[in-house]
Amino acid sequence: MFDTKTVERFNTIDTPFYYYDLSLLKKTLDLYTKELRKYKFHAHYAFKANANLEILDIIKEYGLGADCVSGNEVSLAIKSGFDPKKVVYAGVGKSDKEIETALAGEIFSFNCESIPEIEVIDSIAKKMGKTASISLRINPDIDAHTHRYISTGRSQDKFGISHWMFDDVLSAIAKCSNIKLSGLHFHVGSQITDLNVFDMLANKVNEISANFKDKGVKIENLNLGGGLGIDYNDPDTTPISDFASYFSIIDKKLIREPYQQIHFEPGRAIVAQCGSLISRVLYVKFGKGRKFAILDAGMNDLIRPALYQASHKIENLTSVGRGMRYDVVGPICESSDRFAKNLLLPETKRGDIMAIRSAGAYGQVMAMRYNQKDLAPDYYSE
Ligand SMILES: *Cc1c(COP(=O)(O)O)cnc(C)c1O
């Protein structure tokens with residue numbers, strides 16, 4: 001929902017562009033950090049969801065750390081003022097250069113995904129005279145019941161270390177003089193809307209951390225990753241995810257030792273709802289048994305529908321009146337460049353302003369220049 005003043009402002013700006021409602025971002029962070037503090041949990045914002053400086057600045061003010069998945073994200077986190085002691089770095093394919101960047105930055109933890117990676121980090125740390133603090137990213141073999149492209153915690157996925165490798169990993173670490181094992185890390189998928197998945201995850205974490213305790217390994221940090229979903233169908237009714245239930249499930253289920261710190265890595269649930277992709281209708285075209293509303297925004301601006309079959313709420317901010325059905329598509333030369341099929345909209349005409357909602361996460365940050373399109377710029381409510 002946009003007020004009249006905001007729509008008037010949209011009318012004066014070249015489309016397509018991203019628009020961010022910073023007051024919703026702050027409201028979301030207010031609630032998130034309030035719930036987090038209740039349990040003395042720690043959070044690291046997943047930079048890959050959206051790394052615009054305006055957004056990072058606000059998230060930093062709320063005291064969150066940074067969850068990074070590349071050396072450049074680590075550099076950006078440190079450069080933009082995030083406390084290196086709150087930076088974690090995950091990813092199955094960390095390059096030597098990226099590892100050097102993170103070691104030089106003295107980050108809180110590498111979330112390690114394989115034995116060869118741990119050995120490479122150790123050898124680089126040795127050369128640099130540093131000790132790398134690491135967590136093991138565990139593959140807990142949990143199906144997050146989300147789209148298969150955003151499931152990361154099943155045994156067939158490329159992420160994490162499976163239980164049958166734990167002894168080998170521990171003996172590899174024992175041979176590494178410049179590695180300190182301090183945590184276990186879990187991230188099982190994204191856009192998880194069934195909270196039972198987090199219940200299952202907490203049980204799995206208990207089982208695995210007991211397993212490490214039995215082996216005589218002291219684990220100081222348990223990191224449960226991100227993944228909490230948002231309401232793409234109805235962002236106005238549910239602008240903020242149910243953080244209270246999410247954290248309370250984890251608090252109830254998770255067994256923790258007095259010396260253990262609990263960490264999270266929220267991405268989508270923090271930034272998705274505050275962003276929209278704003279575009280104009282270029283043409284309305286009649287096809288066989290259907291009408292196409294062709295926008296000036298496409299999969300180059302927002303790839304989620306093409307990549308994950310994701311659906312975003314789409315609103316015509318200009319026209320009102322009788323409903324008609326449209327396939328809402330972009331200008332890119334790909335048939336997957338479609339935002340919606342057979343969508344009921346008011347009768348739509350050239351020039352109408354269209355809002356594609358809930359686009360703050362994995363939207364602008366995934367934009368590309370395919371077809372030599374320009375990158376859509378960003379505007380803010382403040
Ligand atoms: C992407 C990612 C996250 C954030 O996931 P969301 O679903 O956006 O909350 C957290 N941790 C890791 C390791 C990730 O790769």
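What you see is a predicted model; the values in this text were computed from it and never measured.
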### Query
Can His185 and Glu265 be said to form a side chain to side chain donor-acceptor pair (under 3.5 Å), step by step?
CA-CA 10 Å; His185 172 239; Glu265 300 168 337; 2.9 Å; yes
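- Between Asp251 and Arg256 there is a salt bridge, since at least one side-chain N of the basic residue sits less than 4.0 Å from a carboxylate O of the acidic one.
- Using a 4.5 Å cut-off between side-chain heavy atoms of Ile, Leu, Val, Met, Phe, Trp and Tyr, with links allowed through other members, Leu64 and Phe243 fall into the same hydrophobic cluster.
- Enclosure of atom NZ in Lys349 by more than 12 non-hydrogen atoms of other residues, nucleotides or ligands within 6.0 angstrom is indicated.
- Remark: the Asp21 side chain and the Ser23 side chain contain an N/O donor-acceptor pair separated by less than 3.5 Å.
- Residue Lys85 places its NZ atom among more than 12 non-hydrogen atoms of other residues, nucleotides or ligands, all under 6.0 Å distant.
- Taking the side chain as every heavy atom from C-beta outward, Leu29 and Leu31 never approach each other to under 4.5 Å.
- Remark: Arg137 is not positioned above the aromatic ring of Phe110, lacking an NZ or CZ atom under 6.0 angstrom from the ring centre and at most 45 degrees off the axis.
- Cation-pi check for Lys94 over Tyr89 is met; the charged atom lies under 6.0 angstrom from the ring centroid and within 45 degrees of its normal.
- The aromatic rings of Tyr379 and Phe17 sit perpendicular to each other, their planes meeting at more than 60°, with 30° as the lower class boundary.
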Could you list the donor-acceptor pairs under 3.5 angstrom formed by side chains in residues 330-342, with sequence neighbours left out?
from   : atom 1 : to     : atom 2 : distance (Å)
Glu334 : OE2    : Tyr370 : OH     : 2.6
Asp337 : OD1    : Met299 : N      : 2.7
Asp337 : OD2    : Ile332 : N      : 2.7

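- Judged by distance alone, the side chains of Asp194 and Asn196 do bring a donor and an acceptor atom under 3.5 Å apart.
- Cluster annotation: Leu282 and Leu277 are assigned to distinct hydrophobic clusters (Ile/Leu/Val/Met/Phe/Trp/Tyr, side-chain heavy-atom contacts under 4.5 Å, transitive).
- Ring geometry, Tyr20 versus Tyr380: the interplanar angle falls under 30°, so the pair is classed parallel (tilted spans 30 to 60°).
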### Message
Run the side chain to side chain donor-acceptor pair (under 3.5 Å) test on Ser133 and Ser182 for me, step by step, so that the C-alpha distance in whole Å, both residues' side-chain angles and the decisive distance to 0.1 Å come before the verdict.
### Response
CA-CA 6 Å; Ser133 164; Ser182 67; 3.2 Å; yes
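- Using cut-offs of 30° and 60° for the angle between ring planes, the Phe264 and Phe41 rings count as tilted.
- Note on ring orientation: taking the six-membered ring where Trp is involved, the planes of Phe108 and His263 are tilted (angle from 30° to 60°).
- By the 30° and 60° cut-offs, the orientation of the rings of Phe47 relative to Phe82 is perpendicular.
- In terms of heavy atoms, Lys60 sits closest to Ser80 at NZ-O, 2.7 Å.
- No more than 12 heavy atoms of other residues, nucleotides or ligands sit less than 6.0 Å from atom CG of Asp14.
- Only one option out of Asp301, Asn300, Ile356 pairs with Pro16 in a side-chain contact (heavy atoms from CB on, under 4.5 Å); it is Asp301.
- With rounding to the nearest 0.5 angstrom, the CD atom of Glu315 is 11.5 Å from the OG1 atom of Thr318.
- In terms of heavy atoms, Tyr326 sits closest to Pro346 at CE1-O, 3.8 Å.
- Side-chain N/O atoms of Asn178 and Thr131 include no donor and acceptor closer than 3.5 Å.
- Cation-pi geometry between Arg268 and Tyr362 is not met: the NZ or CZ atom fails to fall both under 6.0 Å from the ring centre and inside 45° of the normal.
- Between Arg350 and Tyr283, the closest side-chain pair of non-hydrogen atoms falls below 4.5 Å.
- By the 4.5 Å heavy-atom criterion applied to side chains, Asp67 and Tyr45 are not counted as neighbours.
- In this structure, Lys38 forms no cation-pi arrangement with Phe247, as its terminal cationic atom is not both closer than 6.0 Å to the ring centre and no more than 45° off the ring axis.
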Can I get a per-line list of side-chain donor-acceptor pairs under 3.5 Å for residues 286-298, giving both atom names and the distance, sequence neighbours left out?
from   : atom 1 : to     : atom 2 : distance (Å)
Arg290 : NH1    : Asp327 : OD1    : 3.4
Arg290 : NH1    : Asp327 : OD2    : 2.5
Asp296 : OD1    : Arg280 : N      : 3.0
Asp296 : OD2    : Thr15  : OG1    : 2.5

#### Entry: Chi angles and distances behind the side chain to side chain donor-acceptor pair (under 3.5 Å) call for Gln364, Tyr18
CA-CA 7 Å; Gln364 194 181 0; Tyr18 275 90; over 6 Å; no
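- Between Thr28 and Ala269, the shortest heavy-atom contact is CG2-O, 3.5 Å.
- Side-chain contact between Asp141 and Ser162: absent, with no pair of heavy atoms (C-beta onward) separated by less than 4.5 Å.
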### Task
Please assess Thr6 against Asp3 for the test side chain to side chain donor-acceptor pair (under 3.5 Å), listing each intermediate value before the final yes or no.
CA-CA 5 Å; Thr6 306; Asp3 56 32; 2.5 Å; yes
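- When all heavy atoms of Gly229 and Thr193 are compared, the pair lying nearest together is CA-CG2, 4.3 Å.
- A donor atom on one side chain and an acceptor atom on the other are found under 3.5 Å apart for Gln273 and Ser358.
- Atom OG of residue Ser95 and atom CD of residue Glu98 lie 3.5 Å apart, to the nearest 0.5 angstrom.
- Side-chain contact between Leu181 and Leu170 is present, with at least one heavy-atom pair separated by less than 4.5 Å.
- Surrounding CE of Met1 are at most 12 heavy atoms belonging to other residues, nucleotides or ligands under 6.0 Å away.
- Within a 6.0 Å sphere centred on CZ of Arg369, other residues, nucleotides and ligands contribute more than 12 heavy atoms.
- Annotation: side chain of Glu257 is in contact with side chain of Lys213 (closest heavy-atom distance under 4.5 Å).
- No more than 12 heavy-atom neighbours from other residues, nucleotides or ligands sit within 6.0 angstrom of NZ on Lys252.
- By the criterion of side-chain heavy atoms lying less than 4.5 angstrom apart, applied directly or through intervening Ile, Leu, Val, Met, Phe, Trp or Tyr residues, Met200 is not grouped with Phe159; the two fall into different hydrophobic clusters.
- The pair Lys26-Asp30 does not meet the salt-bridge criterion, since no charged nitrogen lies less than 4.0 angstrom from a carboxylate oxygen.
- The minimum heavy-atom distance linking Ala51 with Val365 is given by the pair N-CG2, 4.2 Å.
- Of all the heavy atoms in Thr101 and Gly71, the pair that sits closest is CG2-O, 3.9 Å.
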